[in-house]
Amino acid sequence: MLPRPDFDLLLFGASGDLALRKLFPALYRAHAHGLLHPDARIIGIGRSAGNDHSFRQRLNETLAREDGHAWDAFLRRVHYISADLSQTDAFSALAQTVRPDVQPIAYLSTAPDLFVPVCRGLAQAGLSRARVVLEKPLGHDLASSRHINAEVGRYFPEAQIYRIDHYLGKPALQSLLPLRFDNLFFEPVWHSGCVRSVQITVAETLGVGTRGAFYDRTGALRDMVQNHLLQMLCFTAMERPASSDADAVRDAKLAFLNSLRIYRHEADIYAVRGQYAGYTAEPSVAPDSRTETFAAVQVVSDSPRWAGVPFYLRSGKCMAQKLAQIVVDFKPAAALFGQSANRLTVSLQPDETVSLRVAAGGGQTGEMVLDLAAQSPERRMEAYETLLLEVIGGRLALFNRRDELEAAWAWATPILARWQEPSAPAPQIYPVGSWGAAAADALTARNGDVWLPF
Ligand code: BG6
């Protein structure tokens, strides 16, 4: 078992949706499995009035958990401080609650406009040794993300900054790197000579629910494509890193991101946006909103390895199925006995599998399926539990470095800017429960491809 370092976790935005839905459950699971230091503490910070007792009560009422000794012991780790973060003395009070001899961790599960004031406040209160965890969205375009990174960088060195993309905590995505680089079979065919296209789909069945106000300012390209789907693409298409070190992997991802062709008006050709029917009637959504709840983009990389290979990315809400997967579609071999149809599919959810479609004789194809969950004897952790334990352990490999994040924004921002222009094609309405805007079919059809069925 890995060492269990002691820590004081300052959780900003402790009563927010993410904290209650993901972070506290993840911390509880880590606690219940004995993965947290016995003295480690979680200090929730929020605007609303409250104290340890009332906050624990709130967790009791909100979180699904198993009653019993583990839950009670977990609650004893949890504290609450009500703080007005616009007041500088709020930070001195916080700093005093942190034990001087343990690692402080500040998790900013807040709106990004609080990132800079909170980091400044923490540093000025003497907590510049803290690790800082920044939740997405980290800005809303390249300029705002650069601004946040530069300001946060004035108070904390890069080696203490953990930028979360929770898809990097998903085990099937992590498996892709050993699959590609530690097997003899894949790398020799992993290039434009053999690959016809790569398709990445992250589909959700739910709509925006109670997050209308946030989502209407955000849209699918910012919410999913700029981060989760680009990270999936990086793992699929980056060059072999010089080593398995955090920075070597991040250098390889950065080089790939920098190879992506930037679209401006070409966005009209390579990017499609859609909106599910009924979206504008959702709570806190503008009745005339042009926000996209579905985005599909054909990405092009100018790296020699991928010359001419289309990367199709698509993501949306209110779609037919909840799934996340990467499909590498190979060119046909010169088949001697029937058809050739090699295709490698890495499924992140709902299943965690890698399947390879092969010609099996008699004109038939078959699937060789690796069930990743069944492979590992250990409990499967949810992404947030993995990532929190990585922060606690001080390991940076599963977090985005500043230059990577900015390269992703440099790619996404001109598309977003084009979509702001009145002359840009409006989002196409698609029915709830479908595969998104029909116009996305034109992206693949232009190259003689189709979106692959599941
Ligand atoms: C988040 C987005 O980053 O990812 C949400 O803000 C989305 O809109 C979520 O629902 C999807 O995550 P997962 O792990 O359920 O696929």
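Every number for a ligand or one of its atoms is a count from 1 in the order of the listing.
For atom 16 (O) of ligand 1, the nearest non-hydrogen atom of the protein is Y167 OH, 2.5 Å. Of all protein heavy atoms, the one closest to atom 12 (O) of ligand 1 is H166 NE2, 3.1 Å. The protein non-hydrogen atom at the shortest distance from atom 15 (O) of ligand 1 is K322 NZ, 3.0 Å.
Taking the centre and axis of the six-membered ring of F256, the NZ or CZ atom of K253 falls outside the cone set by 45° and 6.0 Å.
Contacts of Y162 classified as ring-ring contact (aromatic ring centres under 6.0 Å, His included), with partners at least two apart in sequence or in another chain: F399.
The closest side-chain heavy-atom distance from L356 to R343 is not below 4.5 Å.
Minimum interatomic distance between S15 and R58 (heavy atoms only, all atoms of both residues): CB-NH1, 3.2 Å.
Note: no N/O pair closer than 3.5 Å links Y215 and ligand 1 by distance alone.
Sorted by first then second residue, the ring pair (Phe, Tyr, Trp, His ring centres under 6.0 Å) pairs that include residues 270-290, not counting sequence neighbours, are Y263-Y270, Y276-Y279.
Those atoms of ligand 1 that come under 4.0 Å of a heavy atom in K170, given as number and element, are 13 (P), 14 (O), 16 (O). Listed by number with element, the atoms of ligand 1 under 4.0 angstrom from any heavy atom of E204 are 7 (C), 10 (O), 11 (C). The atoms of ligand 1 that sit less than 4.0 Å from any heavy atom of D223 are 2 (C), 5 (C), 6 (O), 8 (O). Against a heavy-atom cut-off of under 4.0 Å, K317 is close to the following atoms of ligand 1: 5 (C), 7 (C), 8 (O), 10 (O).
In this structure, R250 does not pair ionically with D403, as no charged nitrogen and carboxylate oxygen lie closer than 4.0 Å.
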